[in-house]
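Step one of this worksheet: look at the structure below.
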Amino acid sequence: MTHELKHIVQEFEEKKKLGRKSVLATVVALDGSSYRRPGVRMLIFDNGDMVGAVSGGCVEKEVLRQAESVFATADGKVMVYDGRYRLGCEGILYILLEEFNPDAAFLDQFWDTIKTRQSFSISSYFEKEPGENPDYGTLFHFQNDTNPINNSEVSDSKGLLQFEQEMHPCFQLVIIGAEHDAVQLCKYATATGWEVTVVANPREEKSERDFPGIQQLISVEPEFYQPTLDNQTAVVVMTHSYVKDLQFLMALREQKGIYIGLLGPLRRREKLFDELMERCPDVSEEFLESVHGPAGIDIGAETPQEIAVSVVSEILTVVRGKEPTLLKHKMGRIHT
């Protein structure tokens, strides 16, 4: 959800330059089931524009209507949306609405936290009753400080319910390769909300314009590539060059990313592993076992777009610790 919050803050900064006021809506509690879970947010502007969503689209109009009083008074407010009679989700949403007007100190810490890939937490204080209360509010806890999202006094000592949320660095995907299928994988990954870095050969003369939505383009020869991965980073090696794939695997062999994928058939992967072990006898069995090759889930993918869906799907299953299955065969709740 960090990428959604990042987009909300970006839009706030742009709209504030135009003199727009904004209200933040946060799902802080849920009874039953819903399309989205607590912690999802959207931003409403005083001209009716909205960024983000707290449902599949059925609740947003009511959120917009309820936000009018917050624009007028600047007091926090809880709205209760009972979907049991209007939606197919059979849940009751408790949504905290509050003025969103963070100061410069908040914005500096937020963007520094995003840039340095640090975790942070968010605390929201509320009651599960509809109505306004000036004590309702939200605090962001960064590494060095705690900041409110507006000028109100927010405290955890007023006997209110508390919704706590841990926010991790934005998930990032490193695509090693810059052919047409890499462009498609970049497109689907950015649509998923991931920050995408593409590693390309300098002789390919690629630019960021070739990869819409890209976070970073690195032009480097394999022998000079020095990756730094964390547990929120996935890598897919897809240069379509046996030699370059081998060189990049050598560069990655001591890294601990949450997912490393290798495009290409099984026989090619085994040949690459054999040569990798010859050149780097110290390569660990753990690293070899961690490489997902061929990358992707078997969904019958044929086109570059379908292959991108297959690879993104496998990354999600690894990150979430899930085994792919048809939801119609799953008993019980979809979200666990």
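Both backbone and side-chain heavy atoms feed into the values below; hydrogens, waters and symmetry mates do not.
In terms of the side chain to side chain contact (heavy atoms under 4.5 Å, CB included) criterion, residue partners of Val183 (sequence neighbours excluded) are, by chain and number, Phe211.
Other residues, nucleotides and ligands contribute only 12 or fewer heavy atoms inside 6.0 Å of the CG atom of Asp298.
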Can you list the steps and then say if Glu11 with Arg20 is a salt bridge (Lys or Arg N to Asp or Glu O under 4.0 Å)? CA-CA 11 Å; Glu11 288 296 312; Arg20 300 260 72 99; over 6 Å; no
After noting the C-alpha distance and the side-chain angles of Glu62 and Arg65, does the key distance pass the salt bridge (Lys or Arg N to Asp or Glu O under 4.0 Å) rule? CA-CA 5 Å; Glu62 181 64 16; Arg65 189 182 72 82; 2.7 Å; yes
So Arg268 and Asp245, salt bridge (Lys or Arg N to Asp or Glu O under 4.0 Å) or not? Walk me through it. CA-CA 10 Å; Arg268 183 176 184 271; Asp245 279 3; 2.8 Å; yes
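At distances below 3.5 Å, not a single donor-acceptor pair connects side-chain atoms of Gln255 with backbone N or O atoms of Leu252. Judged purely by atom type and a 3.5 angstrom limit, Glu60 uses its side chain to pair as donor or acceptor with the backbone of Val54. When atom types are taken as modelled, the side chain of Glu306 and the backbone of Glu302 share a donor-acceptor pair closer than 3.5 angstrom. Checked by atom type and distance alone, the side chain of Thr239 pairs as donor or acceptor with a backbone atom of Ser241 at under 3.5 Å. Listed for the Ser22 side chain is no donor-acceptor partner under 3.5 Å among the backbone atoms of Leu43. Here the side chain of Ser310 pairs a donor or acceptor atom with the backbone of Ile297 at under 3.5 angstrom. Although no hydrogens or angles enter the test, the distance criterion places a donor-acceptor pair under 3.5 Å between the side chain of Thr113 and the main chain of Gln109. When atom types are taken as modelled, the side chain of Arg117 and the backbone of Cys170 share a donor-acceptor pair closer than 3.5 angstrom. Between the Asn150 side chain and the Glu99 main chain, a donor and an acceptor come within less than 3.5 Å of each other.
Residues Phe12 and Val51 form no side-chain contact, since every pair of their non-hydrogen atoms from C-beta on lies 4.5 Å or further apart. Side-chain atoms of Leu229 and Lys256, non-hydrogen and from C-beta on, never get closer than 4.5 Å to each other. Counting heavy atoms from C-beta outward, Glu179 and Glu204 have side chains that approach closer than 4.5 Å. With a 4.5 Å cut-off on side-chain heavy atoms, Val9 and Ile114 do not count as touching. At least one side-chain heavy atom of Met238 sits under 4.5 Å from a side-chain heavy atom of Ile175.
Aromatic rings from Phe163 and Phe126 are positioned such that their centres are separated by 6.0 Å or more.
Side-chain contact annotation: Thr233 with Gln172, donor-acceptor N/O pair under 3.5 Å present. For Tyr94 and Asp31, the side-chain atoms include at least one donor-acceptor pair closer than 3.5 Å. Between the side chains of Tyr259 and Glu314, at least one donor N or O sits under 3.5 Å from an acceptor N or O. A donor-acceptor pair shorter than 3.5 Å cannot be found between the side chains of Gln305 and Tyr188.
Heavy-atom minimum distance, Ala29 versus Lys128: CB-CE, 4.3 Å. Contact record, Pro202 with Ser219: CG-C, 3.9 Å, taken as the closest heavy-atom pair. In terms of heavy-atom proximity, Ile299 sits nearest to Val309 at CD1-CG1, 4.1 Å. Scanning both residues, His168 and Thr2, for their nearest heavy atoms gives O-OG1, 2.6 Å. When all heavy atoms are compared, the tightest approach of Leu64 to Gly48 is CD1-CA, 4.1 Å. Across all their heavy atoms, Arg41 and Gly39 have their closest contact at NH1-O, 2.8 Å.
With hydrophobic clusters built from ILVMFWY side chains whose heavy atoms lie under 4.5 angstrom apart, Met277 shares a cluster with Leu262.
The side chain to side chain contact (heavy atoms under 4.5 Å, CB included) test with Val70 is passed by exactly one of Lys77, Met79, Lys21: Lys77.
Salt bridge annotation for Arg203-Glu221: present, with a cationic side-chain nitrogen under 4.0 angstrom from a carboxylate oxygen.
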